[in-house]
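See below for the structure under consideration.
The first residue in the sequence is number 1, and the count goes up from there.
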Amino acid sequence: MSDMSDFDYDLFVIGGGSGGVRAARVAAGEADAKVAIAEESRYGGTCVIRGCVPKKLMVFASTYSDMVDDARAYGWDLNDGDFHWPKFQQKLSAELERLEGVYQRLLDGSGVERFDQRAKLADAHTVELSDGRSFTAKHILVATGGRPVRPDIPNADLGIVSDDVFNLETLPKSILIIGGGYIACEFACILHGLGVEVTQYYRGEQILRGFDGEARALVADAMKGRGIDLQIGTDIAEMARDAEGGIRVKSTTGAERSFETVFFATGRSPNTAGMGLEAVGVELGRKGEIVVDAYSQTAVPSIYAIGDVAGPPMLAHKAEDEGTAVAELIAGKAGHVDYDVIPNVVYTYPEIASVGQTEEQLKEAGRKY
Ligand code: NDP
């Protein structure tokens, strides 16, 4: 496919997460394009380094306390043991390094040229690296992902976000989790399973907004039944350091209590700042996300955007599918993602999985289900 008459590369990908790496590999491998990728942090992105993968390993770790109880019920004579967080962290960090290496080798093996540094747009066909070098590309793909956000309240920086959980030096004895989405509910279950006393505040009527009503209620009841103090219709109003080094929290219902840690799971924001996007004509949406059409193309025809930076659903498999589609598209094939059937799983206890519309959405649309 390579059409190198005018450009250094056929495709320059900014961001080495699930979506960016997939697009680069497919374009270089199957479509035979000349491809470069820039990544300022670690290859693998949110999913591999600070999201799905470490989270899922924590899910596995958190289920053993139940298994011990089950084993006892089946006649095993087992003693209670403690979860050793630093030991787990060591294993976790080794596994993440292994996976990061796999990602790098996949890129190298596909002939993708790697630049391990930050990149931004200089114009519709030019990428500028942080070391000052510039490269031109026929197509540029922005796959810079997103980052967790804290609510806008005083002292919010006393709380942690999902990126921080995996690096905690010790597991807290008590934690307050704010939010009712994927991250809040998954970590409420994980941390409870690891022996942490978990309180969760969710400002709305029921957790997991957007999922099937019956499933939401089932998960909420199961979480409460396991001993998670899930408080619906409640939000954090104030927070401050207390005399013992914990965090004193006042809720919107007027209750006051101290927690060792406060964890904000209050959504994620696209990484679009300082990228030179608006200056080259790429349109941004209300939440800073890159506005794209059904083919991941931005307002500037040579620039595409995929994954979390292009807005929800923020799911790694969606980003990967979009990456494949963009690689196919620039190779002249009709790459396209079917946004109506993106499956999702929430790793609560019990886990829930869904695909397509909810019962409520079908009823509202007057459709049979
Ligand atoms: P979500 O958007 O899923 O949930 C954010 C939650 O925080 C909502 O309950 C929201 O309430 C609440 N919230 C937002 N702002 C505030 C605020 N200022 N004060 C109090 N509460 C607030 O985001 P997450 O952070 O849980 O996860 C981000 C994304 O990451 C998810 O959307 C998902 O795409 C992805 N993810 C996927 C996973 C998976 O596939 N298993 C696992 C983890 C993350 P309200 O509902 O009222 O808006």
Check: Does a donor on one side chain and an acceptor on the other come within less than 3.5 Å for Asp242 and Ser258?
Finding: yes
Note to self: Just to verify, which of Val13, Ile14, Leu11, Asp116 counts as forming a side-chain contact (heavy atoms from CB on, under 4.5 Å) with Ile37?
What the structure shows: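 Exactly one pass, corresponding to Val13.
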Notebook entry, point to check: In a check of side-chain contact (heavy atoms from CB on, under 4.5 Å) between Glu186 and each of Glu351, Lys56, Met58, Lys55, which one passes?
Noted result: Lys55
Would the distance check show the side chain of [X] and the main-chain N or O of [Y] forming a donor-acceptor pair, the cut-off being under 3.5 Å?
| X | Y | result |
| --- | --- | --- |
| Asn271 | Thr144 | yes |
| Thr46 | Arg50 | no |
| Glu244 | Gly246 | no |
| Trp85 | Leu168 | yes |
| Thr126 | Ala122 | no |
| Thr298 | Val300 | yes |
| Asp321 | Lys318 | no |
| Arg150 | Ala156 | yes |

If you take all heavy atoms of [X] and [Y], which pair is closest and at what distance?
| X | Y | value |
| --- | --- | --- |
| Ile183 | Ala265 | CG2-CB, 3.8 Å |
| Cys47 | Pro54 | O-CD, 3.7 Å |
| Ile306 | Val326 | CG2-CG2, 3.8 Å |
| Ile236 | Ile153 | CG2-CD1, 3.8 Å |
| Phe12 | Ala38 | CE2-CB, 3.8 Å |
| Pro148 | Arg268 | CD-NH1, 3.6 Å |

Check side-chain hydrogen bond (donor to acceptor under 3.5 Å, both in side chains) between [X] and all other residues, then give those that pass, not counting sequence neighbours.
| X | answer |
| --- | --- |
| Glu328 | none |
| Thr324 | Arg22 |
| Asp163 | none |
| Ser93 | none |

Notebook entry, point to check: Taking NZ, NE, NH1 and NH2 as the nitrogens, is one of them in Asp80 or Arg72 under 4.0 Å from a carboxylate oxygen of the other?
Noted result: yes
Notebook entry, point to check: Under the side-chain hydrogen bond (donor to acceptor under 3.5 Å, both in side chains) rule, what pairs show up with a residue in residues 201-227, not counting sequence neighbours?
Noted result: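 Only Asp66-Arg226 qualify under side-chain hydrogen bond (donor to acceptor under 3.5 Å, both in side chains).
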Item checked: Pair Gln200-Asp229, side chain to side chain donor-acceptor pair (under 3.5 Å): steps then yes or no -> CA-CA 6 Å; Gln200 183 180 352; Asp229 181 12; over 6 Å; no
Taking the side chain as every heavy atom from C-beta outward, state whether [X] and [Y] have any atom pair closer than 4.5 Å.
| X | Y | result |
| --- | --- | --- |
| Val262 | Ile160 | no |
| Arg248 | Met239 | no |
| Pro154 | Glu238 | no |
| Val196 | His192 | no |

State the [atom1]-[atom2] distance between [X] and [Y], to the nearest 0.5 angstrom.
| X | Y | atom1 | atom2 | result |
| --- | --- | --- | --- | --- |
| Ile232 | Thr234 | CD1 | OG1 | 7.5 Å |
| Thr136 | Asp123 | OG1 | CG | 9.0 Å |
| Leu194 | Ser65 | CG | OG | 7.0 Å |
| Asp10 | Lys34 | CG | NZ | 8.5 Å |
| Glu320 | Glu322 | CD | CD | 10.5 Å |
| Asn155 | Ile247 | CG | CD1 | 9.0 Å |

For atom [atom1] of [X], is the number of surrounding heavy atoms from other residues, nucleotides or ligands below 6.0 Å larger than 12?
| X | atom1 | result |
| --- | --- | --- |
| Glu30 | CD | no |
| Lys120 | NZ | no |
| Tyr349 | OH | no |

Next item on the list: Run the numbers on Gln117 and Ser130 for side chain to side chain donor-acceptor pair (under 3.5 Å), then give the verdict.
Entry: CA-CA 6 Å; Gln117 55 184 297; Ser130 55; 3.2 Å; yes
Check: Are Met314 and Val165 connected in the hydrophobic side-chain network, where two residues link if heavy atoms are under 4.5 Å apart?
Finding: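 No, Met314 does not connect to Val165 through the hydrophobic network.
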Next item on the list: Using the rule that two of Ile, Leu, Val, Met, Phe, Trp, Tyr join whenever any of their side-chain heavy atoms come within less than 4.5 Å, decide whether Phe187 and Val346 are in one cluster.
Entry: yes
Note to self: Over 60° means perpendicular and under 30° means parallel, so tell me whether Phe115 and Tyr9 are parallel, tilted or perpendicular.
What the structure shows: perpendicular
Checklist line | Residues which pass side chain to side chain contact (heavy atoms under 4.5 Å, CB included) with Ser174, listed by chain and number, not counting sequence neighbours | finding: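 In terms of side chain to side chain contact (heavy atoms under 4.5 Å, CB included), with neighbours along the sequence ignored, Ser174 is linked to Glu197, Arg257, Phe259, Glu260.
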Side-chain donor-acceptor distances from residues 283-290 under 3.5 Å, at least two apart:
unit_1, atom_1, unit_2, atom_2, d
Glu289, OE1, Lys287, N, 3.0

Check: Does the ring-ring contact (aromatic ring centres under 6.0 Å, His included) test come out yes or no for Tyr182 and Phe211, once each step is laid out?
Finding: CA-CA 10 Å; Tyr182 285 80; Phe211 284 86; 5.5 Å; yes
Margin query: salt bridge (Lys or Arg N to Asp or Glu O under 4.0 Å) for Lys363 and Glu360? Distances and angles first, verdict last.
Written below: CA-CA 5 Å; Lys363 272 183 181 161; Glu360 290 79 7; over 6 Å; no
Checklist line | Check against side chain to side chain donor-acceptor pair (under 3.5 Å), Ser354 and Asn344 | finding: CA-CA 5 Å; Ser354 70; Asn344 48 46; 2.7 Å; yes
Check: Can you pull the ring-ring contact (aromatic ring centres under 6.0 Å, His included) pairs that have at least one residue in residues 20-73, sequence neighbours excluded?
Finding: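 Output for this query is empty, none listed.
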Next item on the list: Could you name each residue pair satisfying ring-ring contact (aromatic ring centres under 6.0 Å, His included) that touches residues 288-318, not counting sequence neighbours?
Entry: Tyr295-His336
Note to self: According to ring-ring contact (aromatic ring centres under 6.0 Å, His included), who are the partners of Tyr103, at least two apart in sequence or on a separate chain?
What the structure shows: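 Testing Tyr103 for ring-ring contact (aromatic ring centres under 6.0 Å, His included), a comparison that skips the adjacent residues, returns none.
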Next item on the list: With sequence neighbours excluded, tell me which residues meet ring-ring contact (aromatic ring centres under 6.0 Å, His included) with His125.
Entry: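 Result, ring-ring contact (aromatic ring centres under 6.0 Å, His included) vs His125: Phe7.
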Item checked: Partner set under salt bridge (Lys or Arg N to Asp or Glu O under 4.0 Å) for Glu364, not counting sequence neighbours ->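 Counting only residues at least two positions away or on another chain, Glu364 forms no salt bridge (Lys or Arg N to Asp or Glu O under 4.0 Å).
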